[in-house]
There are 2 protein chains.
Amino acid sequence: METEKITYIEESGLLFEKLGLTRMAGRVFGYLIVSEEDQASFDQIRKVLQASKGSISGTMKQLLNAGMVEAVSLPGDRKTYYRPSKMKISDILKHRMRQFDDFARILSRGEELKSKKDDVSEWLIEASTFYLWIGEQLDEIIDKWESEKTKIIEEYRQNHEERIES
Amino acid sequence: METEKITYIEESGLLFEKLGLTRMAGRVFGYLIVSEEDQASFDQIRKVLQASKGSISGTMKQLLNAGMVEAVSLPGDRKTYYRPSKMKISDILKHRMRQFDDFARILSRGEELKSKKDDVSEWLIEASTFYLWIGEQLDEIIDKWESEKTKIIEEYRQNHEERIES
DNA sequence: CATAAAGTTCAAAATAAAATGAACTAAAAA
DNA sequence: TTTTTAGTTCATTTTATTTTGAACTTTATG
C-alpha cells in the first residue's frame, strides 16, 4: 500500500480519537475508504492494520453499531466483508447534535437548581434556549439539503473546478 | 451543599467526559453554575470537590482556555476567583463545528487518494460537500440568533410557562 | 460426522490519561 | 526582609482504556 494511504489511515485514526471514538475504528474506516476494492475481509483488515483478531472484532462491532460500516456476506463464502456504509450523511450530524441537547439540558437544570436569580441564571436561560432553537433550525436545514442536494453538490463541484483551473 | 446539587455536579462531570473533556472540568463548571455565590475561590472549589491543588490548577487552566470560565481578581485580596464566563453561547457551537470541518476534510482527502472512482467516491463527495454547506448555513442561522435572540427567548419562555400552567 | 476456517469472548498485559502530593515560585503582609 | 498565603509544576501513583492472545463457538464443506 502507498505511503500516502498509510499516512491517511493513521490520520483518520487520530481524528476518530479526537471525536471520542477509538483510534483503531478510525484506521479501519480510513482503510475502507482508500482501499481500491469494493469491500475488505476481516482478515485483510487485520493484516493491513497489523492488529489482533480480538481488536478487529471489537472495532468492527463499534463501527457497525455507529452505522459507519456495513457487513457484506457472499454466498459460497464463509467470510464476512465490510465496506463503508452509504448512510445518510445528515444522520451523523443529527446524532452528534444530541450532544448539544444534553448540554442544553444540563444548563437548564442548573438554572432550576439555583435559588437566587442572577445574571448567570439569565445566561443559562439564554444558552439552553439557543440549543433548543438551533436544533429546530438544523432540522429544517437538513430537510433542505435532502431535497436540494443534487443542485448544491453541482454548485460546489463547479466552484472547485474553477479554483483548480485558475 | 444540597444532595441535588452534588448529584448535578457529578452529572455535569459525566457529560463533560462524554463531550471529550475531563470529568473534573465538568464538576468545576457544574459547581460554578449551581453555586449561589457570584464567584468561587480556588480553594473553595478544591474543598467542595475534594480534589488536590494540582488537579484544580490544571482543570482551571483547561476551562479558562476553553473560554468556559473567567478568572476574577479583587484589589486587596491575593486569591483568584472564578465564575462561569458569559461567553457567546453560539461560539461554543462554532467551536464544536470545527470537528465537522476536520471530518469533511478527511472524507474529501480520502476521495482524492482513490484512483478508482466508484460509489464510495460519490458518497465521499456528497458527504464532504454536506459539511462545507452546513457550515455556511449555520453561520447564517447564528447571525439570525444574534439579531433576534431577545424575541426568540421570549417566545420560548411563554411556551414553557403555558406548559407549566396546563 | 469430522475437519477446518472465520470470528467471538474475555482474562491478562500494555498503554494512556488523570489525580496526587511535595517541592517550588510569586506576591502580598507583617 | 521575613513570613505567609496562593497557586504552579511535575514526578509518581492511580485509574481507565485498548490491545493481545489463547480458548471457545459457529458455520460451511469434504
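Proteins get letters first, then strands, A, B, ... in listed order; numbering begins at 1 in each. Values below: all heavy atoms of this structure, side chains included; hydrogens, waters and symmetry mates excluded.
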Is Thr80(B) touching bases, backbone alone, or none of the nucleic acid, heavy atoms closer than 4.0 Å?
sugar-phosphate

Count the heavy atoms of every other residue, nucleotide or ligand shown that sit under 6.0 Å from CD of Glu4(B), and state whether that count exceeds 12.
no

Once base and sugar-phosphate atoms are separated, protein heavy atoms under 4.0 Å mark nucleotides 13-30 of chain C, 5' to 3', with B, S and - as -----SSBB-----BBS-

Audit row: Phe16(B), Met24(B), side chain to side chain contact (heavy atoms under 4.5 Å, CB included) steps and yes/no:
CA-CA 8 Å; Phe16(B) 269 54; Met24(B) 192 60 83; over 6 Å; no

Going through the checks in order, is the side chain to side chain donor-acceptor pair (under 3.5 Å) test met by Gln62(A) and Thr22(A)?
CA-CA 9 Å; Gln62(A) 273 189 76; Thr22(A) 64; 3.1 Å; yes

Using whole Å, report how far [atom1] of [X] lies from [atom2] of [N].
| X | N | atom1 | atom2 | value |
| --- | --- | --- | --- | --- |
| Met60(B) | dT8(D) | CE | P | 9 Å |
| Tyr81(A) | dG7(C) | OH | C1' | 14 Å |
| Gln44(A) | dA5(C) | CD | P | 18 Å |
| Asp43(B) | dT4(D) | CG | P | 18 Å |
| Ile45(A) | dG7(C) | CD1 | C1' | 12 Å |
| Phe16(A) | dT17(D) | CZ | C1' | 18 Å |
| Leu14(A) | dT18(D) | CG | C1' | 15 Å |
| Leu63(A) | dG7(C) | CG | P | 15 Å |

Taking the ring centre of each residue, are Trp145(A) and Phe130(B) less than 6.0 Å apart?
yes

Quick one: do Trp123(B) and Ile89(A) satisfy side chain to side chain contact (heavy atoms under 4.5 Å, CB included)? Show the steps, please.
CA-CA 9 Å; Trp123(B) 183 84; Ile89(A) 189 66; 4.1 Å; yes

With a 4.0 Å cut-off, would you call Asp38(A) and Arg83(A) a salt bridge?
no

OP1 or OP2 of dG7(D) versus the side-chain N and O atoms of Lys61(B): is any pair under 4.0 Å?
no

